[in-house]
2 protein chains.
Amino acid sequence: MPIPMPGEQVRGSKTGKPIMALLDLLGRTWALGIVWQLNQGSATFRELQQRCEQISPSLLNTRLKELKVLQLVELTPSGYQLTQTGHGLFSIVSPLGEWSLLWANQIKKDKV
Amino acid sequence: MPIPMPGEQVRGSKTGKPIMALLDLLGRTWALGIVWQLNQGSATFRELQQRCEQISPSLLNTRLKELKVLQLVELTPSGYQLTQTGHGLFSIVSPLGEWSLLWANQIKKDKV
DNA sequence: CGATAACGCTACAGTATTAGTAGCGATATT
DNA sequence: AATATCGCTACTAATACTGTAGCGTTATCG
């Protein structure tokens, strides 16, 4: 699967609009999950594997390559960590943490 | 693939934390894209299929079922549309539109 | 009424992506 | 020299997604 570079053709769009590249990226298994986990702090490859309970090393490596090329993640002597850009992305999606609680609560309610 | 209900075990987490269910959902092909497209206005099944250039009807229907159960999307006489909860989710992720432009710009710069 | 068209959606085969497991080559520690 | 950990690769099996055809239903029109 080609890395969704903004400006190039991606899944769901021939226009190359950056938002479409981003949606393609985030729609890949574990992409957002890795960003979320890395915000908890930098981690070695194997640590990260453990945080993402069910991810296979091959896929983890594939995603990390994509995230590195797209400059959201970098590998430093102390392990993988979010870049400044990566933190920027996280700060946008971070409200999802609280929101998901309200959402869960509402689904529960409607079951009653 | 089981629908990621908050409270139940999902990909990447045995704890059932709502955020993990949400990350599982959003990590599925087209899930976020559908929400994004529906925010442009409600659409019939076939309209939605066209907006999402490359989605197959079987997958579109699978995702819509999930989004309906999770109360983010509903089918009305005038077509599929976001629920109030769905709009809530969109309002969180909507800054990604502008952010993706900065991101695209930065990646370009670094190529030089 | 009969023909045509559009709707939401299903069926199914083919292809692409992900999971799961074993282990390599490199570096560090004992 | 033996052991341990690291990042990561290789490979197969399982699963998810695409692409195409078309079903059953409802609406429109002559």
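Small disclaimer: the values here were computed from a predicted structure and weren't measured. Numbered from 1 within each chain, the chains take letters A, B, ... in sequence-line order.
Enclosure of atom CD in B/Glu98 is not indicated, since only 12 or fewer non-hydrogen atoms of other residues, nucleotides or ligands lie within 6.0 angstrom. Other residues, nucleotides and ligands contribute at most 12 non-hydrogen atoms within 6.0 Å of the NZ atom of A/Lys17. A 6.0 Å sphere centred on CD of A/Gln40 holds more than 12 heavy atoms belonging to other residues, nucleotides or ligands.
Positionally, the nearest nucleotide of DNA chain C for B/Lys65 lies more toward the 5' end than for the other of B/Lys65 and A/Thr62. When the nearest nucleotides of DNA chain D are assigned to A/Pro57 and B/Gly27 by heavy-atom distance, the more 5′-ward of the two goes with A/Pro57.
Within the 4.0 angstrom heavy-atom criterion, only backbone atoms of the sugar-phosphate kind lie near A/Thr44; the bases stay farther away.
For B/Met1, the side-chain atoms get nearest to D/dA16 when compared with the rest of D/dT18, C/dC9, D/dA16. For B/Ile55, the listed nucleotide lying nearest its side chain is D/dT18; candidates were D/dT18, D/dC8, C/dA19. The side chain of A/Leu75 lies closest to D/dG7, out of D/dG7, C/dA19, D/dT18. The listed nucleotides are C/dG8, C/dG20, D/dC8; the one nearest the side chain of B/Arg46 is C/dG8. Of all nucleotides listed (D/dT18, C/dT18, C/dC9), C/dT18 comes nearest to the side chain of A/Leu59.
Atoms CG (B/Asn61) and C1' (D/dG19) sit 16 Å apart, rounded to a whole Å. Note: CZ (A/Arg11) to C1' (C/dA16) measures 10 Å, nearest angstrom. Spacing between atom CD of A/Gln54 and atom C1' of D/dA14 amounts to 14 Å, rounded to whole angstrom units. Remark: C1' of C/dC9 and CD of B/Glu47 are 16 Å apart, rounded to the nearest angstrom. Atoms CG (A/Asp24) and P (D/dT18) sit 11 Å apart, rounded to a whole Å. With rounding to whole Å, B/Arg28 atom CZ is found 12 Å from C/dA19 atom P. Taking atom CG on A/Leu60 and atom C1' on D/dA10, their separation rounds to 16 Å, with Å as the unit. One can place CD of A/Gln49 at 13 Å from P of D/dT9, the figure rounded to the nearest angstrom.
With respect to B/Arg28 and B/Glu66, a salt bridge is recorded, a charged nitrogen being found less than 4.0 Å from a carboxylate O.
B/Tyr80 places none of its side-chain heavy atoms less than 4.5 Å from the side chain of B/Thr44.
Contact annotation: A/Thr29 side-chain N/O to C/dT18 OP1/OP2 distance is under 4.0 Å. Residue A/Arg63 places at least one side-chain N or O closer than 4.0 Å to OP1 or OP2 of C/dT18.
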